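Keep in mind that what you see is a predicted model, and the values were worked out from it rather than measured. Just so you know, these numbers use all the heavy atoms, side chains as well, and skip hydrogens, waters and symmetry mates. Order of the sequence lines sets the chain letters (A, B, ...), proteins ahead of strands, with each chain counted from 1.
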Amino acid sequence: EVEVVESGGGLVKPGGSLRLSCAAAGFTFSDYYMNWVRQPPGEGLQWVASISGRSDYRYYADSVRGRFTISRDNDRNSLYLLMNSLRAEDTAVYYCAKFGYLEPLGYWGQGTPVTVSS
Amino acid sequence: NFMLTQPHSVSQSPGKTITISCTRSSGSIASDYVQWYQHRPGAAPTTVIYEDKERPSGVPDRFSGSIDTSSNSASLTISGLRTEDEADYYCQSYDASKWVFGGGTKLTVL
């Protein structure tokens, strides 16, 4: 059974940094694209970033490009999101999700909340 | 770039059928697969339809998906509505190396 579990969320001041982690199980992690998706309070789902199985390709939403970095460690079956220069508008629940263009059946975690506030 | 537009909310009675639409703003709805996610508050989103009309194992056949090229839209239909179907539903599709979500539809079963 596919399982993804996020961790690392919390309260951070504007301009600060935070690293989110996602532990994956139940599939061959290195074979699949992984993603981060967020949901700001009272809003809908927003795609944040994607990374290919071998980290060859990384894609970012315009709103986070240059500030956020997606990475993975296939030996640890783990996905990461390093968030720098955080802004109030980055406040959201961040979800780790397995889906890709060739395998669009998605599996999601329960999310980890990030609050950017002074 | 395209957007996916969904109704903000829909409501229907238990046992009835509801259809939620997802309209693509540009380019053909048939160009890229559409997925549908169910999202209850505080829970992980779950896939109810992928690749336009495919149902993951464990999702009841009360859930079905389709696309209509004449209206350039995708639809999620839920028949025999149950109170546990009450949730937010999001459509999703792919746009040249990025993923696009609809704004979400709040389904109320009353």
Side-chain angles (χ1 to χ4, degrees), chain A residues 1-7 9 22-27 32-52 56-65 68 70 79 92-113, chain B residues 1-10 20 22 27 29-59 63 65 67 74 76 87-107:
Chain A
E1 180 185 356
V2 174
E3 186 178 25
V4 293
V5 179
E6 306 90 340
S7 61
C22 169
F27 62 102
Y32 294 95
Y33 267 84
M34 294 294 294
N35 308 268
W36 289 99
V37 178
R38 68 187 182 184
Q39 184 177 33
E43 298 186 30
L45 299 174
Q46 299 175 356
W47 170 76
V48 173
S50 300
I51 186 169
S52 62
D56 314 65
Y57 302 99
R58 307 179 199 219
Y59 304 107
Y60 298 93
D62 291 342
S63 58
V64 307
R65 187 176 294 113
F68 289 12
I70 190 172
L79 177 72
V93 176
Y94 284 74
Y95 296 96
C96 167
K98 170 188 175 295
F99 57 79
Y101 183 69
L102 296 180
E103 65 289 333
L105 172 52
Y107 295 91
W108 300 59
Q110 291 207 313
T112 187
Chain B
N1 291 353
F2 64 85
M3 294 190 305
L4 297 173
T5 300
Q6 300 179 231
H8 182 69
S9 63
V10 295
I20 298 171
C22 170
I29 191 70
S31 297
D32 301 280
Y33 285 129
V34 175
Q35 282 63 243
W36 289 91
Y37 298 104
Q38 178 189 68
H39 191 199
R40 298 189 180 101
T46 60
T47 306
V48 292
I49 294 292
Y50 68 103
E51 292 180 358
D52 297 340
K53 58 179 175 53
E54 301 300 321
R55 212 171 33 251
S57 61
V59 173
F63 290 81
I67 63 168
L76 171 69
D88 295 325
Y89 291 85
Y90 294 88
C91 59
Q92 176 214 43
S93 192
Y94 186 72
D95 178 21
S97 77
K98 68 177 193 283
W99 291 91
V100 179
F101 288 91
T105 299
K106 180 176 181 62
L107 170 62

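- Shown here for A:Gln110 and B:Gly42, the closest heavy-atom pair between the two residues is NE2-O, 4.2 Å.
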Start with the C-alpha gap between B:Gln92 and A:Phe99, add the side-chain angles, then the distance that decides, and say whether side chain to side chain contact (heavy atoms under 4.5 Å, CB included) holds. CA-CA 11 Å; B:Gln92 176 214 43; A:Phe99 57 79; 3.3 Å; yes
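- Annotation for A:Asp56: atom CG counts as buried by contact number, over 12 foreign heavy atoms lying within 6.0 Å.
- A:Glu43 touches chain B through its backbone: at least one of N, CA, C or O sits under 4.5 Å from a heavy atom, while the side chain does not.
- Rounded to the nearest 0.5 angstrom, A:Leu45 CG and B:Phe101 CZ are separated by 5.5 Å.
- No side-chain heavy atom of A:Val37 sits under 4.5 Å from any side-chain heavy atom of B:Trp99.
- Annotation for B:Pro45 and A:Gly109: closest pair CD-O, 3.9 Å, computed over non-hydrogen atoms.
- Using non-hydrogen atoms only and a strict 4.5 Å limit, the part of residues 49-57 of chain B facing chain A consists of B:Tyr50, B:Glu51, B:Pro56.
- Between chain B and the options A:Ser50, A:Ala97, A:Ala61, A:Gly106, heavy-atom pairs under 4.5 Å are most frequent for A:Gly106.
- Looking at A:Tyr95, the atoms closer than 4.5 Å to chain B (heavy atoms on both sides) all sit in the side chain, from C-beta outward.
- Ring pair B:Tyr94/A:Tyr101 is tilted by interplanar angle, where 30° to 60° counts as tilted.
- For the salt bridge (Lys or Arg N to Asp or Glu O under 4.0 Å) condition, the pairs that include at least one residue of residues 92-102 of chain B, sequence neighbours left out, are B:Asp95-B:Lys98.
- In this structure, the separation between OG1 on B:Thr47 and OH on A:Tyr107 is 7.5 Å, given to the nearest 0.5 Å.
- Residue contact with chain A, scored on non-hydrogen atoms closer than 4.5 Å, involves the side chain of B:Asp32 exclusively.
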